[in-house]
Amino acid sequence: MAETGEEEKVSAEASGFSDLSDSEFLDLEDAQGSDALLSKPGPSSELSGNDGKPLSLQKRKRGLDISSPLERFHFKYLCVTDLSAQNWCEQQMVYGKELPDFLAPEKAAVLDTGASIHLARELEVHDLVTVPITTTEDAWAIKFLNILSMIPTLQSEGCIREFPVFGEVEGVLLVGVIDELHYTVKGELELAELKTRRRPTLPLEGQKKKDCFQVSLYKFIFDAMVQGKVTPASLIHHTKLCPEKPLGPSVLTHAQQGGIFVKCLGDLMELVFLALTLSDLPVIDILKIEYIHQETATVLGTEIIAFEEKEMRDRVRHYLAYWMGHREPQGVDVEEAWKCRTCNYTDICEWRKGSWVLSNTLEPRAKKNK
DNA sequence: ATTGCTAAAGGG
């Protein structure tokens, strides 16, 4: 690596994250606090119908019954790709969350290949180092340190990859990673999303729509970040992070190696906020998606997306309405039933059953559509 | 490909 080009990206080790779920985590001093949060309040079990009123009504009064999917899954935030999965098929996304290891066999290879190609490209612009961590605060700290190192790189060298984004949208925290950001020869900030494909074919409309939504959402969140609309307070509120908790020694070491001297997450968040808002970062000018063939790396197609904020926001609102429990999940429309062909949940899909019954009972009589 | 009281993205 060239001297000026030598970039070091700090990345949290997978095993570090898995430590979080170990018993070790519960053995910490905070354990009592966490247990208290996790255990259900006593009255909930006693509610089981003792007077004449419907159970749901009783619970409703105490606000116990109405747990939104967000709460039921215990999600503090959603990934951008969760929402773009909803764009593909919301019902499928929900099954994916409910039945995690229901997933497929040979699809894995395609995903794996895609991931490898992305990793190889990431390594073109910076090295990866592993930082062992034990807490959620540490995990976020690594993300923030990465941002702090990437902003100056973008401004001086013009290209960064895997840039973390996050921000509250419609009251929900969304988290994602932008594939690539770079300045064009004209000096415009361009987001470039790479999509690798198993077969050397152009994506269908449904695929394009989903990818288009994904990058639009990235821009929306990124723009909000550089405009100072994403505050440390909002992040802390959603993630329930403790800003004063001291960071782990390995994280502190890596911060210092990068010239960052902080003691806790709160300090780091303030630095990130300042870096984002005071580095003359523009909003994203161009959204580009490139489809390439996995095997040959042939460019299959390039899309320049027109950012339509209102449409995107309406869509986000619609998707989040499911997560907040304002509506039931939906499957695909009849014209997109071809998506079911590659879905693992077709056999159990309630949405499909519903529409099959409908079309079966209505179609034979009236030849018209429904 | 799972994995998760959270790594997000990975492709169709």
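Proteins get letters first, then strands, A, B, ... in listed order; numbering begins at 1 in each.
Atom NZ in A/K97 sits 14.0 Å away from atom CZ in A/R72 (nearest 0.5 Å).
Look at CG on A/D82: it is 12 Å from C1' on B/dT3, rounded to the nearest Å. Per the geometry, CZ belonging to A/F213 stands 12 Å off P belonging to B/dA9, to the nearest Å. B/dA9 atom C1' lies 14 Å from atom CZ of A/R121, rounded to whole Å.
The number of heavy-atom neighbours closer than 6.0 Å to NZ of A/K186, taken from other residues, nucleotides and ligands shown, is 12 or below. Shown here is A/E328, whose CD atom has no more than 12 heavy atoms of other residues, nucleotides or ligands within 6.0 Å.
Mapping A/A85 and A/A109 onto DNA chain B by nearest heavy atom places A/A109 closer to the 5' end of the strand. Annotation: of the two residues near DNA chain B, A/G114 and A/T239, the 5′-most nearest-nucleotide partner is A/T239.
Side-chain proximity of A/K210 to B/dA8, B/dT6, B/dG11: nearest is B/dG11. Of the candidates B/dG4, B/dG12, B/dA9, the closest approach to any side-chain atom of A/V80 belongs to B/dA9.
Shortest non-hydrogen contact noted between A/I147 and A/L276 is CG2-CD2, 4.4 Å. Considering all non-hydrogen atoms of both residues, A/R121 and A/E180 come closest at NH2-OE1, 3.2 Å.
For B/dG12, the OP1/OP2 oxygens have no side-chain nitrogen or oxygen of A/R341 closer than 4.0 Å. An OP1 or OP2 oxygen of B/dA8 is reached within less than 4.0 angstrom by no side-chain nitrogen or oxygen of A/Y218. Applying the 4.0 Å criterion to OP1 and OP2 of B/dT6, one finds that A/K76 has a side-chain N or O inside that range. Proximity of A/K143 to the phosphate of B/dA8: a side-chain N or O atom is located under 4.0 Å from OP1 or OP2. In terms of phosphate contacts, A/T113 brings no side-chain nitrogen or oxygen within less than 4.0 Å of OP1 or OP2 of B/dG11. An OP1 or OP2 oxygen of B/dG12 is reached within less than 4.0 angstrom by no side-chain nitrogen or oxygen of A/T342.
In this pair, A/Y77 lays its aromatic ring flat on the base of B/dT6, centres within 5.5 Å and planes under 30 degrees apart.
Using a 4.0 Å cut-off on heavy atoms, the residues of residues 198-209 of chain A that approach DNA chain B are A/R198, A/Q207, listed by number.
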**Message:** Between A/E122 and A/H118, does the side chain to side chain donor-acceptor pair (under 3.5 Å) criterion hold? Intermediate values first, please.
**Reply:** CA-CA 6 Å; A/E122 178 178 5; A/H118 277 268; over 6 Å; no
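The aromatic rings of A/F166 and A/F144 sit perpendicular to each other, their planes meeting at more than 60°, with 30° as the lower class boundary.
Residue A/E336 places no side-chain atom within donor-acceptor reach of the base of B/dG12, judged by atom type and a 3.5 Å distance cut-off alone.
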